[in-house]
Structure formats: C-alpha cells, structure tokens
Amino acid sequence: RTVYVNGEYVPENEARVSIFDRGFLMADGVYEVTSVLDGKLIDFDGHAVRLQRSLDALDMVNPISTEDLLEVHRELVRVNEVEEGMIYLQITRGAPGDRDFVFPDPETTEPTIVLFTQNKPGLADSPAARKGIKVISIEDIRWGRRDIKTVQLLYPSMGKMMAKKAGADDAWMIEDGYVTEGTSNNAYIVKGSKIITRALSNDILHGITRASVLRFAREAQMEVEERNFTIDEAKEADEAFITSASTFVMPVVEIDGVALGDGVPGRVAQRLREIYLEESLKKAI
Ligand code: PMP
C-alpha cells in the first residue's frame with residue numbers, strides 16, 4: 001500500500017511520524033473516514049466540512065486545502081486500486097520538541113497529516129446488513145465534546161469489546177437514561193413509519209451519513225423526529241438501525257438480547273439503506 005504522510009506518497013513501511021507527536025502522546029488530533037464505492041468517494045464534501053469544524057474547535061491549523069485533500073484521496077484510491085473500501089485521514093497537532101500539556105505555537109510546530117486506504121470488498125453488498133446486527137447498551141462515560149471527531153477512541157474501543165464479550169456486534173451508549181449514539185455510529189429507532197434519532201448537540205458526533213440519510217428520508221416523504229429516546233423505548237420499537245460512513249445504514253435486530261419486531265432487518269431500515277447507496281453513489285466524486 002501507498003500511504004500519504006505530510007505531503008508525500010510513500011510505501012506504508014517507510015512512513016514515519018515522530019514519537020513526540022501529540023497525536024501519539026495525547027490523542028491531540030482529529031480524523032475522518034470516507035468510504036469508497038465503485039472507486040468513488042462517498043460524501044467527501046461533508047467529511048471535509050466536518051474536518052474543518054473539528055480543527056477549529058481545537059484551535060488547530062488545517063495544513064491542507066479541501067481541493068488538495070480531494071486530490072490526495074483520489075490519488076490514494078487510484079494507486080491502491082480501491083474499488084470498495086475506506087480512506088482514513090488523521091491530522092494531529094504535530095511534534096514539538098518536548099512533551100507539554102500546553103499547545104505548541106502553530107508558527108513553529110506543523111500539524112502531522114496522514115492518509116491511508118483500506119480495501120473492504122462487500123461494503124455495499126454486506127452480509128451483516130442482510131442479517132442485521134445485535135447491540136448491547138453501556139453507559140456513556142465519554143467527555144462532553146463528542147461533536148469533535150478526535151482520535152481519543154479508547155472508550156468506544158472498550159465498548160466494542162464489551163459487545164463482543166456479550167456475543168453482540170456493537171454497543172449503544174446511554175446517558176441520563178437516553179441513548180446518545182453507537183460506539184462508532186449514530187443510533188435510530190423506527191416506530192410505525194416514523195424515524196427517531198437524537199438531535200444534534202455536543203453530546204454526539206454530527207454524522208455525515210446521518211445528515212445525508214435524514215435528507216434522503218425527508219425527500220422520500222418519510223417522517224423524521226429528532227429527539228431523545230430511552231433504551232426501553234428502543235427495545236419496544238418496530239425497528240432500529242445505525243448509520244456511519246463505513247456501515248451506511250445498518251439494521252439493528254436485537255438490543256440487550258431483546259429481539260425487535262420479527263428479529264429481522266426492518267422495512268424502513270432496508271429501504272433507507274437502498275436509498276442511501278443509490279443516491280450517495282449518484283453524487284460520489
Ligand atoms: N458517532 C460516532 C461516535 C462515530 O465515531 C461515528 C463514525 N466515526 C459516527 C457517529 C458516524 O459518523 P459518520 O456518518 O460521519 O461516519
């Protein structure tokens with residue numbers, strides 16, 4: 001694989017980042033994941049806008065223009081022959097000489113930017129999407145700025161491990177009795193034909209897939225309600241699903257061992273997945 005590091009395309013085993021990089025020492029960095037279908041980028045513009053938002057929130061300087069960023073994405077897709085998969089992008093605050101809690105001067109410390117691709121055949125035609133996934137609920141003990149897409153992913157990682165140990169696929173996190181989001185995705189329930197998902201705030205990541213899916217849903221005259229829901233309400237819902245750049249729309253068929261509806265992917269979730277794949281591919285670049 002060829003990867004991109006600070007302006008250069010290099011073989012992955014020649015890529016180097018300093019041990020003093022604040023991304024490594026302090027999780028002082030942000031990231032984006034953009035999916036690739038048919039060799040094209042899905043929702044690139046949305047990811048570029050959110051990247052800037054995350055950088056601004058952390059007073060970080062963006063080392064690359066959106067135009068150049070698009071070019072790097074396309075070049076990596078081309079050289080690595082990615083038909084279906086993902087592009088991971090990470091920008092950290094860089095490597096000042098010493099470890100210090102105080103942010104280094106952006107005049108003297110350049111951010112570190114890294115991009116790499118991952119081939120994932122079967123992303124669109126996914127066996128998991130046909131079966132649906134099982135989630136467990138866990139407490140949301142993350143910090144209060146979940147709207148910033150930082151690389152501090154230890155708790156989400158632990159959440160996935162808790163799910164795995166419980167024989168499930170993922171975890172939904174709960175705060176003050178209400179579901180916030182999945183460990184790496186936004187969470188939804190369906191009652192009748194109404195799609196319910198938590199409204200945007202600092203409590204959740206503003207999913208790029210979420211924004212597109214809700215727009216497509218409204219365009220298709222589907223009813224959308226953005227409000228909090230409890231895990232008990234979710235267990236009694238007709239359907240549930242998650243969205244993210246790497247899963248698109250993924251049906252949830254079980255929550256804490258309770259089967260939803262008939263225990264198979266619901267009609268609304270399946271339809272939304274189809275709409276999302278079709279519409280986002282039309283706009284892919
Ligand atoms: N919430 C969290 C906590 C996430 O990590 C992600 C994906 N990284 C999402 C939601 C979904 O965001 P997107 O649709 O932009 O991938």
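Read the numbers this way: they start at 1 and go in the same order the structure lists the ligands and their atoms.
- Through direct or indirect side-chain contacts shorter than 4.5 Å among Ile, Leu, Val, Met, Phe, Trp and Tyr, M26 is connected to I19, F20, F24, L25, F101.
- Between R22 and E110 no salt bridge is recorded (no basic side-chain N to carboxylate O distance below 4.0 Å).
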Return a table of donor-acceptor pairs under 3.5 angstrom between the side chains of residues 158-166 and protein atoms on other chains or two or more places apart.
from, atom 1, to, atom 2, distance (Å)
K160, NZ, D170, OD2, 3.2
K160, NZ, T183, OG1, 3.2
K160, NZ, S184, OG, 2.7

Per-pair distances, ligand 1 N/O vs protein N/O, less than 3.5 Å:
from, atom 1, to, atom 2, distance (Å)
ligand 1, 1 (N), E181, OE1, 2.7
ligand 1, 8 (N), K149, NZ, 2.3
ligand 1, 14 (O), I208, N, 3.4
ligand 1, 14 (O), T209, N, 3.0
ligand 1, 14 (O), T209, OG1, 2.6
ligand 1, 15 (O), R50, NH1, 2.8
ligand 1, 15 (O), R50, NH2, 2.9
ligand 1, 15 (O), I208, N, 2.8
ligand 1, 16 (O), A245, N, 2.8

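- Under the 4.5 angstrom side-chain criterion for Ile, Leu, Val, Met, Phe, Trp and Tyr, the cluster partners of I196 are I133, V135, W172, I174, V179, I189, F229, I231, I242, M250, V252, I255, L260.
- With respect to R146 and E175, a salt bridge is recorded, a charged nitrogen being found less than 4.0 Å from a carboxylate O.
- Taking CD of E274 as the start and CZ of F248 as the end, the distance is 14.0 Å to the nearest 0.5 Å.
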